[in-house]
Amino acid sequence: MTDYEYPLTMTGGHTRKQLIALMHKRLDQSRFDHCVRVEETSRKLAKRFGVNVDEAGLAGLLHDYAKQVEPVDFKAVIKQQGLDPALLQYNRGIWHGLVGVWFIQKEVGVSDPAVLQAIKRHTTGDPHMTDLDMITFVADFIEPERKLAVQAEARQAAEKSLTAASLVELQSTLTYLVEKKARVYPLTLASYNSLITTLK
């Protein structure tokens with residue numbers, strides 16, 4: 001068990017123990033355990049790439065806070081908050097990042113813009129991802145219990161480059177969606193186009 005704490009100014013005044021109690025109200029044990037592993041992975045990546053470790057850890061811990069919110073509740077928030085109606089064409093896989101930050105702000109009280117942005121972008125990517133955004137994006141993909149070959153490839157890429165690791169993840173996501181004949185969220189494709197240009 002960890003012995004670190006996050007600055008209360010970042011957490012809506014909650015200790016880490018209190019954050020965890022709130023997460024248990026929203027997540028089953030398996031999803032919660034994944035979040036803790038992403039938190040640890042995010043902190044390691046932040047140290048490796050000179051990013052704020054507390055912002056990375058907190059974003060990693062909370063990134064899936066809304067993963068198990070009911071679809072009907074997501075749809076209600078999209079409509080009531082005047083979010084892009086096109087979001088209604090997607091599903092919880094997209095909503096828990098882009099819309100999930102609404103639940104984090106309301107129920108947890110986290111207001112740190114960098115942390116919220118990283119959580120918001122962790123499902124789709126973004127053409128303008130910061131290093132913190134990429135850490136949350138990649139840590140979710142390479143946490144230790146991820147066992148696929150492509151995840152091992154991303155883990156190896158993340159030894160040297162967040163951009164390269166993000167590209168491995170985006171290529172995998174796009175391939176999966178195309179093979180499944182599923183709709184691709186525009187930001188995901190735009191993120192790939194942006195990062196592939198960056199690396200050339």
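Any value given below was found using the heavy atoms of this structure, including those in side chains, with hydrogens, waters and symmetry copies removed. Given the structure is predicted, the values throughout are model-derived calculations rather than measurements.
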Checklist entry - Does K147 NZ have over 12 foreign heavy atoms under 6.0 Å away? => result yes

Item to check | Side chains of L87 and Y185 in contact at under 4.5 Å (non-hydrogen atoms) | outcome: yes

Checklist entry - Are side-chain heavy atoms of L132 and N52 found at a separation under 4.5 Å? => result no

Checklist entry - Is it the case that one hydrophobic cluster holds both L148 and L174, taking links as side-chain heavy atoms less than 4.5 Å apart, direct or via other members? => result yes

Next on the checklist: Could you check whether any side-chain heavy atom of W95 comes within less than 4.5 Å of a side-chain heavy atom of P71, counting everything from C-beta outward?
Outcome noted: yes

Checklist outcome for this item: Between the CD1 atom in I196 and the CD atom in Q171, the distance rounded to the nearest 0.5 Å is 5.5 Å

Next on the checklist: Given 3.5 Å as the limit, does a donor-acceptor pair link the side chain of S191 with the main chain of D126, or not?
Outcome noted: yes

Next on the checklist: For residues L88 and V72: do they belong to one hydrophobic cluster (side chain heavy atoms under 4.5 Å, members Ile, Leu, Val, Met, Phe, Trp, Tyr)?
Outcome noted: no

Checklist entry - Are side-chain N/O atoms of E145 and H34 paired as donor and acceptor at under 3.5 Å? => result no

Checklist entry - Side chains of Y4 and E39: closer than 4.5 Å at any heavy-atom pair? => result yes

Checklist entry - At their closest point, which heavy atom of V138 faces which heavy atom of E169, and how far apart are they? => result CA-OE1, 3.6 Å

Checklist entry - Is there a path from F137 to L45 through hydrophobic residues (I, L, V, M, F, W, Y) whose side chains come within less than 4.5 Å of each other? => result yes

Checklist entry - Do M10 and V36 belong to the same hydrophobic cluster, where Ile, Leu, Val, Met, Phe, Trp and Tyr are linked whenever their side-chain heavy atoms lie under 4.5 Å apart, directly or via other members? => result yes

Item to check | Atom pair CH2 (W102) and CG (L116), whose distance is rounded to the nearest 0.5 Å | outcome: 13.5 Å

Next on the checklist: I'd like to know if the side chain of R48 reaches the main chain of A158, judged simply by a donor and an acceptor atom lying under 3.5 Å from each other, with no hydrogens or angles considered.
Outcome noted: yes

Item to check | Lys NZ or Arg CZ of R183 over Y90 ring: under 6.0 Å, within 45° | outcome: yes

Checklist entry - If you measure from the Lys or Arg side-chain nitrogens to the Asp or Glu carboxylate oxygens, is any gap between E107 and K25 under 4.0 Å? => result no

Item to check | Polar side-chain atom of D28 near backbone of R31 as donor-acceptor pair, under 3.5 Å | outcome: yes

Checklist entry - For H24, does the NE2 atom have more than 12 heavy-atom neighbours from other residues, nucleotides or ligands under 6.0 Å away? => result yes

Checklist entry - Is it true that L162 and V38 fall in one hydrophobic cluster, defined by side-chain heavy atoms closer than 4.5 Å? => result no

Item to check | Inter-residue atom distance H128.NE2 - Q117.CD, 0.5 Å rounding | outcome: 10.5 Å

Next on the checklist: Check whether E159 reaches the backbone of Q156 with its side chain - one donor and one acceptor, N or O, closer than 3.5 Å.
Outcome noted: no

Next on the checklist: Keeping T188 on the side-chain end and T124 on the backbone end, is there a donor-acceptor pair under 3.5 Å?
Outcome noted: yes

Checklist entry - Is T197 reaching over with its side chain to a backbone N or O of N193, donor-acceptor style, under 3.5 angstrom? => result yes

Checklist entry - For F32 and D64, what are the C-alpha separation, side-chain angles and deciding distance, and is it a side chain to side chain contact (heavy atoms under 4.5 Å, CB included)? => result CA-CA 8 Å; F32 171 78; D64 271 355; over 6 Å; no

Next on the checklist: Between K120 and D133, does any side-chain N to carboxylate O distance fall below 4.0 Å?
Outcome noted: no

Checklist entry - Are side-chain heavy atoms of Y6 and E55 found at a separation under 4.5 Å? => result no

Item to check | 4.5 Å side-chain heavy-atom contact, L195 and M129 | outcome: yes

Next on the checklist: Donor-acceptor pair, distance only, cut-off 3.5 Å: does the side chain of E5 make one with the backbone of R16?
Outcome noted: yes

Item to check | Min side-chain heavy-atom separation L8-H14 under 4.5 Å | outcome: no

Checklist entry - Minimum heavy-atom separation for A154 to A165, with atom names? => result O-CB, 3.6 Å

Item to check | Heavy-atom side-chain contact between H96 and V69 under 4.5 Å | outcome: no

Item to check | For L98 against T123, the heavy-atom pair lying closest together | outcome: N-OG1, 4.4 Å

Item to check | Distance, nearest 0.5 Å, that separates OG of S172 from CD of Q151 | outcome: 7.0 Å

Checklist entry - Measuring from R43:CZ to D54:CG, what's the distance to the nearest 0.5 Å? => result 5.5 Å

Item to check | D140 bridged to R146 by N-O distance under 4.0 Å | outcome: yes

Next on the checklist: Using every non-hydrogen atom in the two residues, find where C35 and L27 come nearest and quote the distance to one decimal.
Outcome noted: SG-CD1, 4.0 Å

Checklist outcome for this item: Rounded to the nearest 0.5 angstrom, the CD1-OG distance for I104 and S111 is 12.0 Å

Next on the checklist: Tell me the closest heavy-atom pair linking I135 and A56, and the distance in Å.
Outcome noted: CG2-CB, 4.1 Å

Next on the checklist: In terms of relative ring orientation, are H63 and H122 parallel, tilted or perpendicular, with 30° and 60° separating the classes?
Outcome noted: perpendicular

Checklist entry - Within a reach of under 6.0 Å around CD of Q68, are more than 12 heavy atoms found that belong to other residues, nucleotides or ligands? => result yes

Checklist entry - Under the side chain to side chain contact (heavy atoms under 4.5 Å, CB included) criterion, do I119 and V115 qualify, and how do the steps go? => result CA-CA 6 Å; I119 293 170; V115 171; 4.0 Å; yes

Checklist entry - Quick check: does any side chain N or O of T198 sit under 3.5 Å from a backbone N or O of S194, one acting as donor and the other as acceptor? => result yes

Checklist entry - Which heavy atom in A118 sits nearest to a heavy atom in T136, and how many Å separate them? => result CB-OG1, 3.4 Å

